[in-house]
Amino acid sequence: MGEGWGVMVAIVSSALGGTAAAVTRYLVVAADPITLAVLRWGIGFTVVLPVALLLRVKWPQRSDWLGVAALGLGFFGLFFVLYNLALSYTTAARASLALSTLPLQTMIVGALLGIEKVTARKSLGVGIAVLGVAAALASGLSAAPAGAWRGEAIMCGAVLCMAFYNVRSRPFMQRSSALGFLAVGMGAGAAALIAVGAVTGRLAVLRDFGAPQWIAGVYLGVGGGALAFILWVLALQRASPTRVANTMTVNPLAAALLATELVGEPITIDLVAGLVAVFAGIWIATTEGRSRLFKPARKFR
């Protein structure tokens, strides 16, 4: 089970992430970005930790605790607060399109850190995908909510946190396990978010949640949190960071389809054209010969 398997797993993870964007858009009118991040990762961690304990995974060694926790704080903490903030300004589909700049940012970070070799075919695929994103966002701006560009700019900036997480996570997982690494990082991020939420009194808003909001919140934590990122770290364990990141371009399609039902967001021709371009980019970047820089891990645990 090599890079092809890793890419397929990442596509499923990205689709789950897209549905989470639509659910976040639905909940953002009732809760602030920090509260939504607490909800997602508080619930997500309560699912991931028992699974890790049950499977008796290998945990990060003590010398790695600081690095794993720092990645967790940057990704599960800072990134998702900014992610939720972005969704308060723009639609789920447009925010997810901005999120699709992840392949480009991951490729740049990986190259700068000497982690991943940049090839011509991979660059072409990522370039086509990102151009599709830019064209779709620019051409559909007139029909977007007022101030939507703020959300998309915030999302593009936030993506840098995820790019570093993608690139820096593999060495830690190789010394421990995918699920052990995920549980420690997610736990660090969730603990920081809960502390901030408690100190600022933001968690009080959860008392006003009705049954629909709690159902959406539980899905956000279990499907868009625990399951999506168990699959994501498994993919990172098998495939190169840029190839995994390139599957994020599936995210807008899932987000748009669910957001149409939840909050009545339209699916526009600009979105469809952008998606055609990003799927073409995925195919080009992921059908290159197998990377010699990344050998698939032998086992999940």
Side-chain angles (χ1 to χ4, degrees), residues 12-52 69 71-93 95-96 98-99 151 154-155 158-159 161-162 165 179 182-233 248 251 254-255 258-259 261-263 265:
V12 176
S13 174
S14 295
L16 287 171
T19 64
V23 172
T24 300
R25 180 69 175 165
Y26 168 73
L27 287 173
V28 79
V29 297
D32 62 272
I34 292 177
T35 304
L36 287 177
V38 170
L39 191 65
R40 186 170 186 172
W41 301 119
I43 294 174
F45 181 65
T46 63
V47 174
V48 168
L49 181 60
V51 172
L71 285 175
L73 289 171
F75 183 51
F76 297 105
L78 177 60
F79 171 76
F80 276 95
V81 170
L82 294 174
Y83 173 96
N84 295 335
L85 180 61
L87 281 163
S88 68
Y89 285 105
T90 189
T91 66
S96 294
L99 184 62
I154 291 170
M155 186 67 82
V159 165
C161 298
M162 191 171 186
Y165 182 85
L179 193 51
L182 176 67
V184 173
M186 188 182 293
L193 288 166
I194 290 170
V196 172
V199 169
T200 59
R202 310 245 179 142
L203 299 183
V205 72
L206 296 177
R207 299 172 189 166
D208 299 325
F209 269 28
Q213 286 76 30
W214 275 114
I215 291 171
V218 169
Y219 174 78
L220 194 63
V222 177
L227 180 57
F229 284 91
I230 286 174
L231 296 176
W232 190 257
V233 295
M248 188 59 72
N251 196 287
L258 186 56
E261 298 298 322
L262 287 181
V263 291
E265 291 183 4

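Aromatic ring pairs are classed by plane angle as parallel below 30°, tilted from 30° to 60° and perpendicular above 60°; the pair W214 and F209 is perpendicular. Relative orientation of the F79 and Y83 rings is tilted, given thresholds of 30° and 60° on the angle between their planes.
Among the candidates N84, L85, V23, the single residue satisfying the side chain to side chain contact (heavy atoms under 4.5 Å, CB included) test with L36 is N84.
In plain terms, the two heavy atoms of A183 and A52 that are nearest each other are CB-CB, 4.4 Å. Residues V28 and S88 come closest through the heavy atom pair CG2-CB, 3.7 Å. Considering all non-hydrogen atoms of both residues, F45 and M186 come closest at N-SD, 3.6 Å. Taking both residues in full, the closest heavy atoms of A92 and A255 are given as O-CB, 3.9 Å, listed atom of the first, atom of the second, then distance. Of all heavy-atom pairs spanning T35 and L203, the tightest one is OG1-N, 4.4 Å. Taking each heavy atom of L82 and A158 in turn, the nearest pair found is CB-CB, 3.6 Å.
In this structure, F229 has its ring center no closer than 6.0 Å to that of Y165.
Take L227 and apply the side-chain contact (heavy atoms from CB on, under 4.5 Å) test, not counting sequence neighbours, and it matches L16, L231. Residues forming a side-chain hydrogen bond (donor to acceptor under 3.5 Å, both in side chains) with T90 (at least two apart in sequence, or on another chain): E152.
Screening residues 15-39 for ring pair (Phe, Tyr, Trp, His ring centres under 6.0 Å), with sequence neighbours left out, gives no hits. Residue pairs meeting the side chain to side chain donor-acceptor pair (under 3.5 Å) criterion with at least one partner in residues 40-52, sequence neighbours excluded, are absent. The list of side chain to side chain donor-acceptor pair (under 3.5 Å) pairs with a residue in residues 12-23, not counting sequence neighbours, reads S14-T247, T19-Y219. Screening residues 182-207 for salt bridge (Lys or Arg N to Asp or Glu O under 4.0 Å), with sequence neighbours left out, gives D32-R202.
Atoms CD1 and CG, from I230 and L182 in turn, are 6.5 Å apart once rounded to the nearest 0.5 Å. Taken from CG in L78 to CG in L73, the straight-line distance is 9.5 Å, to the nearest 0.5 Å.
At least one side-chain heavy atom of V48 sits less than 4.5 Å from a side-chain heavy atom of L179.
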